[in-house]
> 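Next up is a structure, given as structure tokens.
Computation of the quantities below employed the complete heavy-atom set of this structure, encompassing side-chain atoms and omitting hydrogens, waters and symmetry-equivalent molecules. Keep in mind that this is a model prediction, so the values were computed, not measured.
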Amino acid sequence: QVQLVESGGGLVQAGGSLRLSCAATGRIFSNYAMGWFRQAPGKEREFVAAISRSGGSTYYADSVKGRFTISRDNAKNTVYLQMNSLKPEDTAVYYCAAGGSKLLATPTTAPGYNYWGQGTQVTVSS
């Protein structure tokens, strides 16, 4: 089992920045790819960003490319999401997830992840 706890959400004005953190406990953190997803009210959960086990590869949704940066610190068992130039449409609950497999090392869809955090709210005001 892997337990994930997100933090860093909050209310920010459009154009501002936030840094989300996700701390993992349980099994060996570096064995898992990590992803960030978000879900806005009335919408399905969507992929935001993912990072490989070593941190050497990263993937982003087109909607956040160039504004968000995913990173990880395997020594601290933590994954981060730096969010810059935030827009009102970024408003959502943000979830981190741990997963990956031999067939798909760094998934970009939710079914590829086995463990999920409880989420943290990000609200961007216009």
> Could you check whether any side-chain N or O of Arg53 sits under 3.5 Å from a backbone N or O of Ser30, counting only pairs where one atom can act as donor and the other as acceptor?
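No; zero donor-acceptor contacts below 3.5 Å.
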> For Gly8 versus Leu18, what's the shortest heavy-atom pair and its separation?
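What the structure gives for the nearest pair is O-CD2, 3.8 Å.
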> Return a table of donor-acceptor pairs under 3.5 angstrom between the side chains of residues 76-88 and protein atoms on other chains or two or more places apart.
from	atom 1	to	atom 2	distance (Å)
Thr78	OG1	Lys76	O	2.8
Gln82	NE2	Asn84	OD1	2.9
Asn84	OD1	Ser17	OG	2.9

> Group every Ile, Leu, Val, Met, Phe, Trp and Tyr by side-chain heavy-atom contacts under 4.5 Å, then state whether Leu4 and Trp116 land in the same group.
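Shared cluster, no.
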> Closest approach of Gly117 and Tyr95, non-hydrogen atoms and distance?
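Gly117 and Tyr95 have their closest heavy atoms at O-CD2, 3.6 Å.
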> Once you round to the nearest 0.5 Å, how far does CD of Gln1 lie from CG of Asn114?
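Nearest 0.5 Å value for the CD-CG distance: 9.5 Å.
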> I'd like to know if the side chain of Glu6 reaches the main chain of Gln118, judged simply by a donor and an acceptor atom lying under 3.5 Å from each other, with no hydrogens or angles considered.
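Yes, because the side chain of Glu6 sits within donor-acceptor range (under 3.5 Å) of the backbone of Gln118.
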> Taking atom NZ as the centre, does Lys65 end up with more than 12 heavy-atom neighbours from other residues, nucleotides or ligands that are less than 6.0 angstrom away?
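Count over threshold, so yes.
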> If you define the side chain from C-beta out and look only at heavy atoms, does anything of Val122 sit under 4.5 Å from Arg38?
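Not touching, per the 4.5 Å side-chain cut-off.
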> Work out which heavy atom in Val2 is nearest to a heavy atom in Ala98; give both atom names and the distance.
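So the two residues come closest at CG1-CB, 4.5 Å.
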> I'd like to know if Tyr115 and Trp36 are part of one continuous hydrophobic network [Ile/Leu/Val/Met/Phe/Trp/Tyr, side-chain heavy atoms within less than 4.5 Å].
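Linked within one cluster.
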> Under 6.0 Å from the CD1 atom of Ile28, do we count more than 12 heavy atoms belonging to anything else shown?
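12 or below, so no.
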> Please find the pair of heavy atoms, one from Ser52 and one from Gly56, that lie closest to each other, and give the distance.
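Closest approach of Ser52 to Gly56, heavy atoms only: OG-N, 3.2 Å.
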> Could you state whether Phe47 and Tyr32 fall into the same hydrophobic cluster, counting links through intermediate Ile, Leu, Val, Met, Phe, Trp or Tyr residues with side-chain heavy atoms under 4.5 angstrom apart?
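No, it is not one cluster - the side chains of Phe47 and Tyr32 are not joined through contacts under 4.5 Å.
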> Between Tyr94 and Phe68, how do the two ring planes meet: parallel, tilted or perpendicular, split at 30° and 60°?
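Taking Phe68 first and then Tyr94, their aromatic rings sit tilted (interplane angle of 30° to 60°).
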> Should Arg67 and Asp90 be marked as a side-chain contact (heavy atoms from CB on, under 4.5 Å) after you check the CA-CA gap, both sets of side-chain angles, and the distance that decides it?
CA-CA 11 Å; Arg67 300 188 297 122; Asp90 294 318; 2.8 Å; yes
> Say you draw a straight line from SG of Cys96 to CD1 of Ile51; how long is it, rounded to the nearest 0.5 Å?
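The SG atom of Cys96 sits 12.5 Å away from the CD1 atom of Ile51.
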> Can you name the residues that form a side-chain hydrogen bond (donor to acceptor under 3.5 Å, both in side chains) with Thr123, not counting sequence neighbours?
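In terms of side-chain hydrogen bond (donor to acceptor under 3.5 Å, both in side chains), with neighbours along the sequence ignored, Thr123 is linked to Gln121.
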> At their closest point, which heavy atom of Ala33 faces which heavy atom of Pro107, and how far apart are they?
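Closest heavy-atom pair between Ala33 and Pro107: CB-CD, 4.1 Å.
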> Where is the tightest heavy-atom contact between Met34 and Cys22, given as atom of each residue plus distance?
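Closest approach of Met34 to Cys22: CE-SG, 4.4 Å.
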> Who passes ring-ring contact (aromatic ring centres under 6.0 Å, His included) against Tyr113, sequence neighbours left out?
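Tyr113 satisfies ring-ring contact (aromatic ring centres under 6.0 Å, His included) with Phe37 once adjacent residues are dropped.
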